[in-house]
There are 4 protein chains.
Amino acid sequence: MPTAKNTKATPAPTSPDRRRELLTIAAEVFADQGYNATTVRRIADRAGMLAGSLYYHFDSKESMVDEILATFLDELWAGYDAVLAAHLGPRETIEALVTESFREIDRHRSAVAIYQKEARHLATQPRFGYLTDSQRKFEKAWLGTLERGVAEGVFRSDLDIRLTYRFLRDTVWVAASWYRPQGRHSPEEIARQYLSMVLDGVALRA
Amino acid sequence: MPTAKNTKATPAPTSPDRRRELLTIAAEVFADQGYNATTVRRIADRAGMLAGSLYYHFDSKESMVDEILATFLDELWAGYDAVLAAHLGPRETIEALVTESFREIDRHRSAVAIYQKEARHLATQPRFGYLTDSQRKFEKAWLGTLERGVAEGVFRSDLDIRLTYRFLRDTVWVAASWYRPQGRHSPEEIARQYLSMVLDGVALRA
Amino acid sequence: MPTAKNTKATPAPTSPDRRRELLTIAAEVFADQGYNATTVRRIADRAGMLAGSLYYHFDSKESMVDEILATFLDELWAGYDAVLAAHLGPRETIEALVTESFREIDRHRSAVAIYQKEARHLATQPRFGYLTDSQRKFEKAWLGTLERGVAEGVFRSDLDIRLTYRFLRDTVWVAASWYRPQGRHSPEEIARQYLSMVLDGVALRA
Amino acid sequence: MPTAKNTKATPAPTSPDRRRELLTIAAEVFADQGYNATTVRRIADRAGMLAGSLYYHFDSKESMVDEILATFLDELWAGYDAVLAAHLGPRETIEALVTESFREIDRHRSAVAIYQKEARHLATQPRFGYLTDSQRKFEKAWLGTLERGVAEGVFRSDLDIRLTYRFLRDTVWVAASWYRPQGRHSPEEIARQYLSMVLDGVALRA
DNA sequence: AATGAATGAGTGTTCATTCAT
DNA sequence: TATGAATGAACACTCATTCAT
């Protein structure tokens, strides 16, 4: 769904490898300093080139975030769609989505952090319309699963379901702000504990 | 603890009311657009004055966020300290802290949103050292309570406690990103449901 | 018809005098160096200020040419419309239009020179659509008068009328490239001699 | 007289054909967009190569206009010199010069358009000193012929002769701005009509 | 002959800030 | 208290040019 189309006049000859390298660097800086606060000079510095040289590879600073976010969302949805296509039960679906989410955080930590901080702001521009689309699709998948779970008696029915949705959603994604790859726990382990908290609560069962 | 010292040089200080008015406006814009993306002119526009005129009231844009955040943290800690001074049991303490937090979100939504988005970035500057102090104190209070709860058999012991802490912390504060005063639920009701989810889980008990 | 609308967020407080001063300077530099080759820094230099300061008065370099050209065309059409409204004979109309044109060259030399050099290029942008409109109206007035003159037996009928039109038009306006106010001849005297050449030819009558 | 000296350093010079091809393309773009507004990349695009590749053929963008203008002026003067060497009467000389001029416009339309727009600006650089030389020689030829014509009673003596000169000069060359090869009229026919207007006037003789 | 990648100087523009009035 | 005008540093971006391959 989201696809950053590269509309350069000239055939945009950059080698895919160099492009990916530069985008990785850019993503890290964006995640760290914020998109607006990041100067293209800083990105270029870290890449060992001059600011202007970046424009051989990319149209604009904006097109860099664009490609970073679009790439991330493409992969995310590949994972999500696979999960949804499996038609598991509601609880298993939620478990699979959460696990998949932490895996994406593991692989695209910077992109997720950028998404968290900048998506709302960027989505106001037509170019980033796919962010809104993605969010809608996201909500449909999660909220739908929760509703199914309530209907099937798997999840509690005494909670405001939209509140539950936001709770789940934020709980998972905000983790990108502190997550460090190669940290103490694997994404799967973090997912397991998060799921355990979310589904069963942190209080000791009476 | 954190106090933005008003180091104005010559002229008579602004009336406290006008000051508060302007800070409220500034906070809303900062929360909405992000600190960096907010121009001092936009704030002035909304206040019905010219950009330069703001400098009669404040030293700098930075001192505006400073005062916004410091004011918020002062109030937050007044509430937290009262809770902690009551020496309740671990579960009750957590419940009180969460409830107090949602009340603060209700009253200082903009400030909380700013804090969420900008704190990490701002804290690198000496001037905002109190942000780091506050965070440390915050962690001590919450983590300590959780540890006490585990020790007393109130909270589960099979979870990574730091993970649980982050889970709780993020769960609460990230709500500022979607919370709207006068929304469907009161802060207390939101707190009740969040606590219910966090403590007991969203899965139906077998 | 052409009106450069000043769409600034803030009420655009610049005093009309200062504005006019700056536009005069800008027009001279544009006329001299060409629009593209003119840097806003050079304009600012001549105005005794820094480049950025120009942006207090104008939105952009583009809006400067815009205002320069629009102001000129407004005045030009005020003059032309008065001539046309007088419903003179074809020859007298041409004489009046030529005279009026040289007066405009005298008063707006820079603007005319800019128009000559840049109009075609600028007119491709929607913002400068009024240039095309003006040109069309211009052609209608001149060509129409010539045709009327041919019909009434005042002008020769053995010439390609569009060629005659271009001949007249260019002959007059290209003068802006060498005209200097306070030169040897007044605009009216130049007009008189031009008309004499154009209408009666430079060859001595047999 | 004017000759753009090709000071390439190391590699073997481009084949004359390829060179001419590229210069033709460059001239068209320069004429269309203006010299300054033309990027070297646009020229390369139209030539089906990358911007950097042009530098195998030419030293610089400047040397391209240089060669374009010098080539044109060389040809122009070949024609003019032939006319002048024929020692015709003043009227016949003017007729021959005008006709020759329209032929040059027909053959070097782009170069003429570039000359019209950029000569004054370029002539400030030493490298383009030949432009000034050419203009001086040009003025001498035309003005001299006119003066001779006045003295011999062929042209009117009641006109400012310099005004007449400029009138004639501009009248002819400005045609390059609208002239299209393969248009309705041949260069010779356009010359005939222009001469008829200039010499005899557009007014019907009484 | 031409490419891919980079340079470096410059361009228009933005914006927090200053200050005389 | 606030305005009008300006500063100056920084910013994203452009472009002619270079050069190893």
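Just so it is clear: chains get the letters A, B, ... in the order the sequence lines come, proteins before strands, and each one is counted from 1.
- Expressed to the nearest 0.5 Å, how far OH of B/Y130 lies from CG of B/D74 amounts to 9.0 Å.
- The interatomic distance linking D/L50 (CG) with F/dA16 (P) rounds to 14 Å, in whole Å.
- Distance, B/L54 CG to F/dA2 C1': 11 Å, rounded to whole Å.
- A distance of 14.0 Å separates CZ in D/R46 from CZ in D/R41, rounded to the nearest 0.5 Å.
- A/L69 CG to A/M64 CE: the interatomic distance, rounded to the nearest 0.5 Å, is 13.0 Å.
- Going from atom CG of C/D45 over to atom P of F/dG8 covers 13 Å, rounded to whole Å.
- Minimum interatomic distance between D/D66 and D/F128 (heavy atoms only, all atoms of both residues): CA-CE2, 3.6 Å.
- Contact check, B/Y56 against F/dA2: no side-chain N or O comes under 4.0 Å of OP1 or OP2.
- Counting only Watson-Crick or G-U wobble pairs whose defining distances are both under 3.5 Å, the stems of 3 or more consecutive pairs in DNA chain F are E:2-21 with F:2-21.
- Note that CD of B/Q116 is 8.5 Å distant from OG of A/S177, once rounded to the nearest 0.5 Å.
- Taking side-chain N and O atoms only, D/R18 has a distance below 4.0 Å to OP1 or OP2 of E/dA2.
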Could you write nucleotides 13-21 of chain E as a row of B, S and -, 5' to 3', where a protein heavy atom under 4.0 Å of any base atom gives B, of only sugar-phosphate atoms gives S, and otherwise -?
BBSSBB---
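- Ring geometry for D/H108 versus D/F72: interplanar angle of 30 to 60°, hence tilted.
- Here B/T124 contributes atom OG1 and A/Q33 contributes atom CD; the two are 8.5 Å apart, rounded to the nearest 0.5 Å.
- Along DNA chain F, the nucleotide nearest to C/L22 and the one nearest to B/M49 differ in position, and the one closer to the 5' end is contacted by B/M49.
- Remark: A/K61 qualifies as a cation-pi partner of A/Y35 under the 6.0 Å distance and 45° angle criteria applied to the six-membered ring.
- For the pair D/I43 CD1 and E/dA2 C1', the computed distance is 17 Å after rounding to whole Å.
- Neither OP1 nor OP2 of E/dG4 sits under 4.0 Å from any side-chain N or O of A/H57.
- Interatomic distance, NE2 of D/H121 versus CG of D/L131, reported as 12.0 Å (0.5 Å rounding).
- The CD atom of C/Q33 sits 17 Å away from the C1' atom of E/dG12 (whole-angstrom rounding).
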